[in-house]
Amino acid sequence: MEHGTVEREGLTLVARKPCFGLPTACPNCLPVYIYLKFSKIPFSLEFNLIHPDSDQIPFVESGDRVAYNNEKGGVIQNLKEDGIVDLDSGVSGLPEWVSMKAMIESWLADAVMYELWVASDGKSAHKIYYSDLPWPIGKILYYKQVHAVKQLFGITSDNAENREEEIYSRATLAYDALSSRLGEESFFFENRPTSLDAVFLGHVLFTLHALPETSVLRSKLLGHANLVKYAENLKMEYIDASSSSSSAPQSDPSSSAARNGPSYWRSKPKSKPKKEKSEEEKKFRRRAKYFLATQLVAVLVFLSLLGGSDDADVELGDDDDVMGFD
């Protein structure tokens with residue numbers, strides 16, 4: 001493990017909210033949270049509740065730097081390149097490490113996305129992304145994302161079964177390969193955590209805790225006892241133990257987050273001087289002011305189109321209880 005020499009004013013991870021017993025229930029945010037826990041670098045955790053459709057979340061603030069999810073390979077890559085923390089020294093050039101991480105970030109990530117937006121009733125997605133928004137806005141954004149995911153996977157009414165079989169077949173191959181590689185070890189390479197472990201542990205915890213019991217992907221994962229044991233052990237060591245032992249929420253009685261928020265919420269230090277934000281971050285934060293208004297307009301436009309023409313392309317899906325856009 002290598003920690004960079006770049007001076008840190010303190011890290012703040014901005015993620016989506018906790019639920020399902022996870023510190024953050026977003027499948028993109030959880031690996032970043034775990035990566036920082038693996039690094040043992042102190043950081044604050046804040047939650048963004050008003051940008052469910054933003055691909056910039058999660059992001060990490062460090063001084064005047066902001067590492068966004070949609071930049072330069074994601075937050076973890078940014079943390080490595082900026083010299084803040086690099087857990088992959090000595091392994092990132094190994095072909096087997098590269099291929100296994102690629103499987104997790106493609107085949108398994110695709111399977112989670114498919115189950116979250118296409119193969120389920122949408123309850124998990126609503127709880128993670130839209131439960132803090134007004135009902136009509138949350139519902140329309142959910143249908144919009146379902147449509148986007150179907151387009152991404154090229155799913156139509158004609159090929160839906162074949163695409164599902166392909167997605168689950170790849171996930172099965174990935175689990176088999178990862179299970180064989182892990183064996184009874186605590187980590188995948190060199191008996192220490194790397195970003196591969198962070199990404200996979202985030203995937204396993206999300207699959208076990210956030211997906212419904214009827215999940216096909218969850219059942220496939222449960223068929224690999226060593227992968228489940230691996231996740232349970234690391235969760236106890238790096239997530240549960242650190243949350244229960246943290247004194248930060250109790251030590252600041254003036255913080256409303258400490259009084260009312262979950263035990264792993266930490267407020268940003270009040271004495272921290274205000275820092276100059278990048279233009280991109282200023283633009284991102286300005287969106288919050290107009291988000292609800294613009295989404296309300298989108299709802300009105302959607303409803304007007306839905307009721308204004310008998311030839312509309314939008315159909316009510318009979319099979320999966322969501323609006324079909326194919």
Chemist: Does L36 form a side chain to side chain contact (heavy atoms under 4.5 Å, CB included) with L79? I'd like the steps, not just the answer.
Modeler: CA-CA 10 Å; L36 292 174; L79 293 175; 3.9 Å; yes
Chemist: For T156 and N159, what are the C-alpha separation, side-chain angles and deciding distance, and is it a side-chain hydrogen bond (donor to acceptor under 3.5 Å, both in side chains)?
Modeler: CA-CA 5 Å; T156 67; N159 69 3; 3.2 Å; yes
Chemist: Do L116 and S124 have side chains that get closer than 4.5 Å, going by heavy atoms?
Modeler: yes
Chemist: Please test K17 against S131 for side-chain hydrogen bond (donor to acceptor under 3.5 Å, both in side chains), starting from the C-alpha separation and ending with a verdict.
Modeler: CA-CA 10 Å; K17 67 180 182 179; S131 59; 2.2 Å; yes
Chemist: What pair of heavy atoms forms the shortest contact from Y142 to G122, and how long is it?
Modeler: OH-CA, 3.4 Å
Chemist: If you define the side chain from C-beta out and look only at heavy atoms, does anything of I41 sit under 4.5 Å from L11?
Modeler: yes
Chemist: Roughly how far apart are Y230 OH and L201 CG, rounded to 0.5 Å?
Modeler: 5.5 Å
Chemist: Could you report the tightest heavy-atom contact between S39 and V85, atom names first, then the distance?
Modeler: CB-CG2, 3.4 Å
Chemist: Counting C-beta onward and ignoring hydrogens, is there a side-chain heavy-atom pair between L22 and I239 closer than 4.5 Å?
Modeler: no
Chemist: Between CG of L87 and CZ of F38, what distance do you get to the nearest 0.5 Å?
Modeler: 8.5 Å
Chemist: Has R163 got a side-chain atom pairing as donor or acceptor with G154's backbone, closer than 3.5 angstrom?
Modeler: no
Chemist: Between atom CD of E185 and atom CZ of F188, what is the distance when rounded to the nearest 0.5 Å?
Modeler: 11.0 Å
Chemist: Looking only at the side chains, is there a donor atom on one of Y130 and Q145 sitting less than 3.5 Å from an acceptor on the other?
Modeler: no
Chemist: Any donor and acceptor pair, going by atom type alone, linking the side chain of N48 with main-chain N or O of I50 inside 3.5 Å?
Modeler: yes
Chemist: Determine, step by step, whether Y33 and F43 satisfy the ring-ring contact (aromatic ring centres under 6.0 Å, His included) criterion, reporting the C-alpha distance in whole Å, the side-chain angles of both residues, the deciding distance to 0.1 Å, and the verdict.
Modeler: CA-CA 9 Å; Y33 176 89; F43 67 97; 5.6 Å; yes
Chemist: To the nearest 0.5 Å, tell me how far L217 CG sits from L108 CG.
Modeler: 7.0 Å
Chemist: Of all the heavy-atom pairs spanning V216 and S219, show the shortest one and how long it is.
Modeler: O-OG, 2.6 Å
Chemist: Answer yes or no: is there an ion pair linking D110 with R170, defined by an N-O contact shorter than 4.0 Å?
Modeler: no
Chemist: Apply side chain to side chain contact (heavy atoms under 4.5 Å, CB included) to residues L234 and F187 and explain how you reach the verdict.
Modeler: CA-CA 9 Å; L234 293 182; F187 299 99; 3.6 Å; yes
Chemist: State, to 0.1 Å, how close L30 and T24 come at their nearest heavy-atom pair, and which atoms those are.
Modeler: CD1-O, 3.6 Å
Chemist: Using a 4.5 Å cut-off on heavy atoms from C-beta on, say whether the side chain of D82 contacts that of S62.
Modeler: no
Chemist: Going from CG on L178 to CG on L196, what distance comes out if it is rounded to the nearest 0.5 angstrom?
Modeler: 7.0 Å
Chemist: Give the C-alpha distance, both sets of side-chain angles, the deciding distance and a yes or no for side-chain hydrogen bond (donor to acceptor under 3.5 Å, both in side chains) between E46 and T12.
Modeler: CA-CA 7 Å; E46 296 184 355; T12 298; 5.1 Å; no
Chemist: Would you say that L13 contacts S44 through its side chain, given a criterion of any heavy-atom pair below 4.5 Å between the two side chains?
Modeler: no
Chemist: Between E213 and R218, is the closest basic N to carboxylate O distance under 4.0 Å?
Modeler: no
Chemist: Please state whether the rings of F200 and Y175 are parallel, tilted or perpendicular, taking 30° and 60° as the class boundaries.
Modeler: perpendicular
Chemist: Take a 6.0 Å sphere around CD of E166 and say whether it holds more than 12 heavy atoms from other residues, nucleotides or ligands.
Modeler: yes
Chemist: Return the minimal non-hydrogen interatomic distance between P52 and L133, and the atom names on each side.
Modeler: CG-CD1, 3.5 Å
Chemist: Would you say E184 and K229 make side-chain contact, with heavy atoms under 4.5 Å?
Modeler: yes
Chemist: Using ring centroids (six-membered ring only for Trp), state whether Y129 and H51 fall under 6.0 Å.
Modeler: no
Chemist: Are side-chain heavy atoms of Q77 and K80 found at a separation under 4.5 Å?
Modeler: yes
Chemist: When you measure from the side chain of S120 to the backbone N and O of E115, does any donor-acceptor pair fall under 3.5 Å?
Modeler: yes
Chemist: How far does CG of D88 sit from OG of S195, to the nearest 0.5 angstrom?
Modeler: 3.0 Å
Chemist: So T194 and W97, side-chain hydrogen bond (donor to acceptor under 3.5 Å, both in side chains) or not? Walk me through it.
Modeler: CA-CA 10 Å; T194 69; W97 186 92; 3.2 Å; yes
Chemist: Walk me through it: do W117 and M113 pass the test side chain to side chain contact (heavy atoms under 4.5 Å, CB included)?
Modeler: CA-CA 6 Å; W117 299 105; M113 187 184 302; 3.8 Å; yes
Chemist: Evaluate D55 against Y68 for side chain to side chain contact (heavy atoms under 4.5 Å, CB included), listing each step before the verdict.
Modeler: CA-CA 8 Å; D55 61 355; Y68 290 106; over 6 Å; no
Chemist: Heavy atoms, side chains only, cut-off 4.5 Å: are K127 and C19 in contact?
Modeler: yes
Chemist: Quick one: does S215's side chain have a donor or acceptor within less than 3.5 Å of a partner on L211's backbone?
Modeler: no
Chemist: What heavy-atom pair brings S92 and V98 nearest, and what distance separates the two atoms?
Modeler: O-CG2, 3.3 Å
